[in-house]
Amino acid sequence: MNHAALNTGSDIPTLERWLTGPRFAALPMRDPAHPAPHLSFEFFPPRTEALEQQLWQAIRRLEPLSPRFVSVTYGAGGTTQARTHATVSRLVQDTSLTPAAHLTCVGATKDEVDEVARGYWAAGVRHIVALRGDAPPGESYVPHPGGYEYASDLVAGLRRIGDFEISVAAYPETHPGALSPQDDLDALKRKLDAGATRAITQYFFDATVFLRFLDRCLAAGITAPVVPGIMPVSNFAQAVRFSAMCGASIPPWLGTLFEGTENDPETRRIVGAVQAAEQVRLLQANGIDEFHFYTLNRADLTYTIAHILGVRPQS
Ligand SMILES: Cc1cc2nc3c(=O)[nH]c(=O)nc-3n(C[C@H](O)[C@H](O)[C@H](O)COP(=O)(O)OP(=O)(O)OC[C@H]3O[C@@H](n4cnc5c(N)ncnc54)[C@H](O)[C@@H]3O)c2cc1C
């Protein structure tokens, strides 16, 4: 994110600028004064041969867009450790992309987590997305005996292992388990103070939610980039279910937008691309120039949105 842009006219807070300033920038033109945004993409490790093929088709399609990095998730409780490692290693070996491996604290001792991190370092991986992770569904989170308790502890542990670039999670609508929004912001600051260099947010659909959060981050003295996580929706019903679990709210207008598309996946996908592109353009109009896309291992929506934003394949 361009903090210089964010801080321009520092006496006008981001939210006020959003409310009073121009709502839309023109659609992107080849204008050096308005460069295309920086993107990164998230994938998850595939469970089957068919899903593996789908993942690699998506990676190959998105690779020429030269994202800053591509991240690969770590299944709940570290259940995908081997598959995450295999996917990240293949990204290092077979692509021009910079991979970031997600790593969590749950279900493992510090030594075991450190061993995984050392394995990444040895495989040439230099970027980790450091997370606490979650307990299995229906259970509360309890740190593993001898394990890292919170993501901030993991960040500090990783710093001792290698000179990793470290990204951490942030929650514009507050983490569901946090005692309060302020506690959650303090937790984010601790992760950055422990050595993380970027926060990537949980997805959200209302641009004001992110802008208000960013104002609070800036007021708390957070200067590291806080990169908005963008989830293009192709299946609204699934997005509603998932959002209930992770604490992302669904604004009523989003339901209206997808109304009547229940049996019409083609229209749904186009609507999803338009909605996400507009969300990004609203944020761009407020000085945000970096975005992290939750691809769900599909390239079509993300590629389309990137194209609309002026991101073109590099030779
Ligand atoms: C971008 C992104 C990527 C993700 N990728 C994955 C993934 O690959 N695999 C996966 O399993 N999950 C993933 N998650 C989900 C994440 O693991 C969960 O949201 C988890 O519940 C919190 O992880 P965290 O790293 O934010 O935890 P933390 O930052 O440790 O915070 C967890 C909770 O504890 C509170 N807290 C933090 N420190 C303290 C403290 N010292 N004292 C008291 N309370 C404290 C926080 O406010 C918060 O409520 C991802 C989330 C995001 C946003």
Side-chain angles (χ1 to χ4, degrees), residues 1-10 12-29 31 33-42 62 65-69 71 167-174 181 185 188 198-220 222-233 239 243 246-251 253-254 257 271-295 301-312:
M1 177 194 323
N2 182 348
H3 274 92
L6 280 174
N7 290 325
T8 315
S10 54
I12 308 176
T14 311
L15 179 62
E16 197 181 318
R17 270 191 288 122
W18 186 82
L19 292 170
T20 55
R23 292 297 185 91
F24 291 95
L27 272 171
M29 312 200 326
D31 173 2
H34 298 99
H38 298 289
L39 305 182
S40 54
F41 304 134
E42 181 181 296
L62 294 171
L65 300 182
S66 300
R68 277 217 160 138
F69 63 90
S71 76
S167 298
V168 290
Y171 301 87
E173 298 182 84
T174 305
L185 197 60
L188 173 60
R198 168 196 295 98
I200 302 170
T201 76
Q202 182 59 275
Y203 68 83
F204 56 91
F205 295 109
D206 185 340
T208 52
V209 162
F210 177 80
L211 293 168
R212 280 179 205 280
F213 178 66
L214 197 55
D215 267 355
R216 292 179 50 234
C217 289
L218 292 171
I222 289 173
T223 53
V226 179
V227 180
I230 306 293
M231 176 133 103
V233 174
S243 301
C246 68
S249 63
I250 303 275
W253 55 259
L254 194 64
L257 203 58
V271 168
V274 170
Q275 181 272 319
E278 181 165 311
Q279 184 185 352
V280 168
R281 293 180 62 229
L282 272 170
L283 295 170
Q284 277 186 302
N286 284 276
I288 315 299
D289 64 1
E290 186 169 355
F291 301 91
H292 184 74
F293 279 82
Y294 296 106
T295 69
L301 265 75
T302 300
Y303 192 93
T304 304
I305 297 157
H307 183 92
I308 293 171
L309 299 173
V311 179
R312 298 287 187 271

Practice problem: Report the C-alpha separation of Leu283 and Ile230 in whole Å, then their side-chain angles, then the decisive distance to 0.1 Å, and conclude whether the side chain to side chain contact (heavy atoms under 4.5 Å, CB included) test is met. | Solution: CA-CA 11 Å; Leu283 295 170; Ile230 306 293; 4.3 Å; yes
Quiz item: With sequence neighbours excluded, what pairs up with Phe293 under the ring-ring contact (aromatic ring centres under 6.0 Å, His included) test?
Solution: none
Self-check item: Partners meeting ring-ring contact (aromatic ring centres under 6.0 Å, His included) with Phe204 (sequence neighbours left out)
Solution: Phe210
With sequence neighbours excluded, tell me which residues meet side chain to side chain donor-acceptor pair (under 3.5 Å) with [X].
| X | result |
| --- | --- |
| Ser40 | His292 |
| Ser167 | His127, Arg198 |
| Tyr203 | Ser243 |

Closest approach of [X] and [Y], non-hydrogen atoms and distance?
| X | Y | result |
| --- | --- | --- |
| Val209 | Glu173 | CG1-CG, 3.5 Å |
| Gly272 | Leu301 | C-CD2, 4.1 Å |
| Ala36 | Gly310 | CB-O, 3.6 Å |
| Leu188 | Ala169 | CD1-O, 3.8 Å |

Between [atom1] of [X] and [atom2] of [Y], what distance do you get to the nearest 0.5 Å?
| X | Y | atom1 | atom2 | value |
| --- | --- | --- | --- | --- |
| Asn286 | Thr208 | CG | OG1 | 10.5 Å |
| Ile305 | Gln275 | CD1 | CD | 8.0 Å |
| Leu257 | Phe205 | CG | CZ | 11.0 Å |
| Phe41 | Tyr294 | CZ | OH | 14.0 Å |
| Met231 | Thr302 | CE | OG1 | 10.5 Å |

Quiz item: Is the backbone N or O of Pro181 less than 3.5 Å from a side-chain atom of Arg216, with the two atoms forming a donor-acceptor pair by type?
Solution: yes
Quiz item: So, do Phe213 and Leu185 sit near enough that their side-chain heavy atoms are less than 4.5 Å apart?
Solution: yes
Self-check item: Pro37: partners by side-chain contact (heavy atoms from CB on, under 4.5 Å), with sequence neighbours left out
Solution: Leu39, Gln284, Phe291, Leu309, Val311
